[in-house]
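Please read the structure below before turning to the comments.
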Amino acid sequence: MNGKATEEAGSSVGPGEAPVPLEWKFSQVFGERASGEEVQEVDIISTIEFDKSGDYLATGDRGGRVVLFERTDVKDHEDRRALERLDSPVGRHPEFRYKTEFQSHEPEFDYLKSLEIEEKINKIRWCQTVNGILILLSTNDKTIKFWKVLEKKVKRISGTNLGPSEHVGDGFLATSSTVSSRVHMPNGGSSERRHSYLSNDFSFPPGGFPSLRLPMVSIYDTSPLARCRRIYAHAHDYHINSISNNSDGETFVSADDLRINLWNLEISNQSFNIVDVKPANMEDLTEVITSAEFHPTHCNTLAYSSSRGFIRLIDLRQSALCDNHSQLFKGQDAPSTKSFFTDIIASISDIKFAKDGRHILSRDYMTLKLWDINMDAGPVATFQVHEYLRPKLCDLYENDSIFDKFECCLSGEGLRVATGSYSNIFRVFGCAAGSNEATTMEATKAPMRKQVQNSTRPTRTLNNSARAVRRGAENTALEANGNTYDFSSKLLHLAWHPTENSLACAAANSLYMYYA
């Protein structure tokens, strides 16, 4: 089924009707490794990002490279709009091809702190395209770079304006005379040079001389060229975990563990600190910043998450240093469920605003939570991602897997959310009123779809005030066997196409794409 048609069908669901669960199908894979092939550390994908149009996809890896892909199934925007106007679905799905790649960051060494800075790309964010030039931001732990990717025209001499057999009139251009001149050299010798001059009676005919032979330059190809225009450096003492573009198109923020800085895209040597959670005594530190995201339409609103499971909404108009938040979102755990791991698994690894700006999606270690910014009492929906791991938290703590940072994403129309898990699987949940969609897929060329049995707890939709929904709890009899899950294979990064039901997932060095 066509991805766009599917999305339109889902968005046209009547009041009180749940959208039909999507049937996900394999589309493409880039960088697939052969069976038994060892994956190089530098080739592992560390971030994925679609641009706003969905025509381009960027990935960053641990080797500091940025790889760009472009969409090929629709030639141009006019053809796409014509296809979208068709009443019947078209048998196509989004297809991408490799466009170019470039080395964004190199390994560095901070001699003052005796600290090695990895080249790994932590985040990529697309900026507004200008005159067909692709613009994006990429960052490693310390340095943010502003890149422009343009189409360089490759020119060559293709011949002359006249063929060798072409001539006009009597076959000669004009008469000329040769004059010799003697040039005296410093050593007493001399040399003779000959100069040719057009005769004095030569004149160009009206409209030019048609048989004048000139070289012809033609453009026979275009080649993508990436250029780093600005470098935003020396503003973070701790590792940068996120960057986010503002809707004003002029500024962006970068966040590390303790501070959030505001930058102007045109100014690389100055930034403004807008959030600082560093205490006077580091022993009093109770939480760190884990992610920051601008509101999609309100340029003055910023959300950031913390390791304590809190999401704070701040208004940049209140003060230059936003020490106080305008809203605080936090989940309430039952006292009987608290344990040594409660604070660790409560840490939020990623937050995303919905396209409408009304909802925020957050991912902690065990769950996805959907928040309404107008209701800070608690999440409007909670989705269990891998509840079967709760008995194994001690083992996951010992091998550091409990600190894995999974990303999350929302569909363009806001009816579904997705995130990754172990054994290279990703999960898609329906968050519309009355939806029980909870799909588990493995990131392979032949994905096995497994419909997960949902819990029967009371539900809460986005339009009523009943209790919050908790769905996606797996059948422990079926999935509690840890041997069936590979904790070394983890799907941390994924992105949802902004206008169609298409997902891009990173499994080690492979990029898998699916559509519905």
Side-chain angles (χ1 to χ4, degrees), residues 4 47-60 64-85 94-105 121 123-139 143-158 216-233 243-254 262-271 293-299 355 412 495-500 502 504:
K4 183 68 179 179
T47 184
I48 306 176
E49 187 76 11
F50 280 104
D51 76 327
K52 288 186 177 181
S53 69
D55 292 334
Y56 296 95
L57 174 66
T59 65
R65 297 182 297 263
V66 173
V67 183
L68 303 185
F69 301 88
E70 63 179 350
R71 189 167 179 175
T72 61
D73 58 305
V74 176
K75 296 299 182 183
D76 53 46
H77 295 282
E78 294 181 1
D79 291 343
R80 178 176 300 177
R81 286 194 290 267
L83 289 172
E84 291 175 356
R85 285 195 294 267
E95 292 183 356
F96 287 80
R97 69 180 177 188
Y98 169 87
K99 180 177 177 65
T100 187
E101 68 178 85
F102 55 90
Q103 188 72 33
S104 174
H105 289 74
I121 305 297
K123 293 291 180 181
I124 294 175
R125 288 293 181 266
W126 290 90
C127 302
Q128 187 67 36
T129 300
V130 178
N131 297 328
I133 300 176
L134 304 179
I135 304 175
L136 50 85
L137 294 168
S138 64
T139 183
T143 306
I144 307 164
K145 294 187 179 183
F146 180 86
W147 291 92
K148 286 187 176 181
V149 182
L150 48 91
E151 295 291 337
K152 182 182 180 182
K153 297 177 181 179
V154 181
K155 301 178 181 180
R156 66 177 178 184
I157 305 298
S158 59
M216 298 292 290
V217 178
S218 62
I219 300 172
Y220 77 97
D221 196 8
T222 57
S223 175
L225 176 65
R227 291 178 176 173
C228 181
R229 292 302 190 186
R230 296 180 192 91
I231 298 178
Y232 313 90
I243 53 177
S244 179
N245 293 338
N246 199 343
S247 59
D248 62 8
E250 298 179 355
T251 57
F252 71 95
V253 294
S254 58
L262 178 68
W263 301 81
N264 188 298
L265 286 170
E266 302 293 331
I267 303 173
S268 60
N269 60 357
Q270 185 181 35
S271 65
E293 186 86 1
F294 261 121
H295 192 281
T297 56
H298 298 165
C299 62
K355 194 173 183 179
W496 201 302
H497 192 281
T499 60
E500 302 187 13
S502 176

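This structure is a prediction, so every number in the text was calculated from the model and none was measured. Values reported hereafter were calculated over all heavy atoms of this structure, with side chains retained and with hydrogens, waters and symmetry mates removed.
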State, yes or no, whether a side-chain contact exists between [X] and [Y] at a heavy-atom distance under 4.5 Å.
{"X": "Asn246", "Y": "Trp263", "answer": "no"}
{"X": "Asp51", "Y": "Leu136", "answer": "no"}
{"X": "Thr139", "Y": "Ser254", "answer": "no"}
{"X": "Lys99", "Y": "Leu134", "answer": "yes"}

Looking at [atom1] of [X] and [atom2] of [Y], how far apart are the two atoms once the value is rounded to the nearest 0.5 Å?
{"X": "Thr72", "Y": "Asp55", "atom1": "OG1", "atom2": "CG", "answer": "10.5 Å"}
{"X": "Arg230", "Y": "Lys145", "atom1": "CZ", "atom2": "NZ", "answer": "14.5 Å"}
{"X": "Leu57", "Y": "Glu49", "atom1": "CG", "atom2": "CD", "answer": "9.0 Å"}

Taking only residues two or more places apart in sequence or in another chain, which ones pass side chain to side chain donor-acceptor pair (under 3.5 Å) with [X]?
{"X": "Arg97", "value": "Glu70"}
{"X": "Ser244", "value": "none"}
{"X": "Asn264", "value": "none"}
{"X": "Thr129", "value": "none"}

Taking side-chain contact (heavy atoms from CB on, under 4.5 Å) as the definition, give me every residue that meets it alongside [X], ordered by chain and number, with sequence neighbours left out.
{"X": "Thr100", "value": "Leu68, Val149, Pro224"}
{"X": "Lys148", "value": "Ile133, Ile135, Phe146, Arg229"}
{"X": "Gln103", "value": "Arg65, Glu106"}
{"X": "Glu250", "value": "Asp248"}

Partners meeting ring pair (Phe, Tyr, Trp, His ring centres under 6.0 Å) with [X] (sequence neighbours left out):
{"X": "Phe294", "answer": "none"}
{"X": "Tyr56", "answer": "none"}
{"X": "Trp126", "answer": "none"}

note = Note: Phe96 and Arg71 closest approach over all heavy atoms is CD2-N, 3.5 Å

